[in-house]
Amino acid sequence: MRLRVMAVGLLTLALSGCANNWGFNSNVSPEGIKDYYKGDSVTLYSKAELEGINYVTLGSIEGEACQIAAIDAPPKDADAKADVRRRAADMGANGLLLDSCVRFNDMPGCLEQVLCSGQAIKVAD
């Protein structure tokens, strides 16, 4: 019995020493998180969805995803679309009329690249 009480006491002491050392470290800054998710405020539209809706075209826009090294994962269309949406948000757009996404091989600086283009738009509320 005495051994059990002593073991519980040692365990409690050991755990209490760790209680104040909890923490979380990340390589992503709060600004980086905001930048990464700012494209979420940009809605993708088709031409049909924009019929009868008031909007202004802010300009042409492109986004990309790139495979730099052979050990890297191939570029994804979704990553290129996310990049073009972030760039549209930088222009003050709340919408994007996506024209196309094209895959290229052996581009300067990229083994493989997905390039998406479209029109950044501001849709009236």
Side-chain angles (χ1 to χ4, degrees):
M1 180 71 165
R2 181 177 164 104
L3 185 58
R4 178 182 266 174
V5 171
M6 196 158 124
V8 170
L10 285 175
L11 181 61
T12 303
L13 182 63
L15 290 176
S16 68
C18 296
N20 294 330
N21 293 328
W22 288 93
F24 176 78
N25 292 321
S26 172
N27 63 347
V28 180
S29 68
E31 294 79 26
I33 290 287
K34 288 177 187 173
D35 185 57
Y36 184 81
Y37 287 106
K38 73 179 160 189
D40 288 353
S41 64
V42 176
T43 303
L44 270 151
Y45 290 97
S46 68
K47 285 186 180 190
E49 291 174 314
L50 290 172
E51 288 182 25
I53 294 178
N54 291 327
Y55 68 93
V56 175
T57 302
L58 302 177
S60 296
I61 192 100
E62 292 182 339
E64 67 154 349
C66 176
Q67 179 187 11
I68 297 171
I71 62 170
D72 297 336
K76 297 178 186 174
D77 288 8
D79 291 336
K81 288 177 183 176
D83 187 44
V84 76
R85 288 173 69 190
R86 280 191 297 275
R87 292 177 186 217
D90 285 341
M91 293 176 69
N94 63 0
L96 174 67
L97 179 57
L98 192 64
D99 294 330
S100 65
C101 290
V102 180
R103 188 171 293 270
F104 298 99
N105 292 314
D106 294 323
M107 297 300 291
C110 297
L111 295 175
E112 191 174 354
Q113 178 185 39
V114 176
L115 184 66
C116 292
S117 62
Q119 302 295 315
I121 60 175
K122 184 75 170 178
V123 178
D125 293 331

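In this text the structure is predicted, and so the values were computed from the model without any measurement.
- Glu62 contributes atom CD, which lies 10.5 Å from atom SG of Cys101 (distance to the nearest 0.5 angstrom).
- With values rounded to the nearest 0.5 angstrom, Ile121 atom CD1 is found 8.5 Å from Thr43 atom OG1.
- Of all non-hydrogen atoms in Val42 and Ala88, the two that sit nearest each other are CG1-CB, 4.2 Å.
- Here the closest non-hydrogen pair linking Ser60 and Gln119 is OG-NE2, 3.1 Å.
- Counting heavy atoms from C-beta on, the side chains of Leu50 and Leu97 come closer than 4.5 Å.
- Note that CD of Glu64 and CE of Met107 are 9.5 Å apart. Values are rounded to the nearest 0.5 Å.
- Under 4.0 Å is where a charged nitrogen must lie from a carboxylate oxygen, and between Asp83 and Arg87 at least one such pair does.
- Considering every non-hydrogen atom in both Leu96 and Arg85, the closest pair reads CD2-CG, 3.9 Å.
- Distance check, rounded to the nearest 0.5 Å: CG of Asp77 to CG of Leu98 gives 9.5 Å.
- Atoms CG and CD, on Leu44 and Glu49 in that order, are 9.0 Å from each other to the nearest 0.5 Å.
- Atoms CG and CD1, on Leu111 and Ile71 in that order, are 10.5 Å from each other to the nearest 0.5 Å.
- Residue Ile68 places its CD1 atom among 12 or fewer non-hydrogen atoms of other residues, nucleotides or ligands, all under 6.0 Å distant.
- By the 4.5 Å heavy-atom criterion applied to side chains, Pro75 and Arg103 are counted as neighbours.
- The shortest side-chain heavy-atom distance between Ser100 and Cys116 does not fall under the 4.5 Å cut-off.
- With hydrogens and angles disregarded, a donor-acceptor distance shorter than 3.5 Å links the side chain of Gln67 to the backbone of Asp72.
- Under the 4.5 Å side-chain heavy-atom criterion for grouping Ile, Leu, Val, Met, Phe, Trp and Tyr, Val123 is not connected to Ile61 through any hydrophobic cluster.
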* Any chance you could lay out the salt bridge (Lys or Arg N to Asp or Glu O under 4.0 Å) test for Asp79 and Lys76, step after step, and finish with the verdict? => CA-CA 5 Å; Asp79 291 336; Lys76 297 178 186 174; 5.2 Å; no
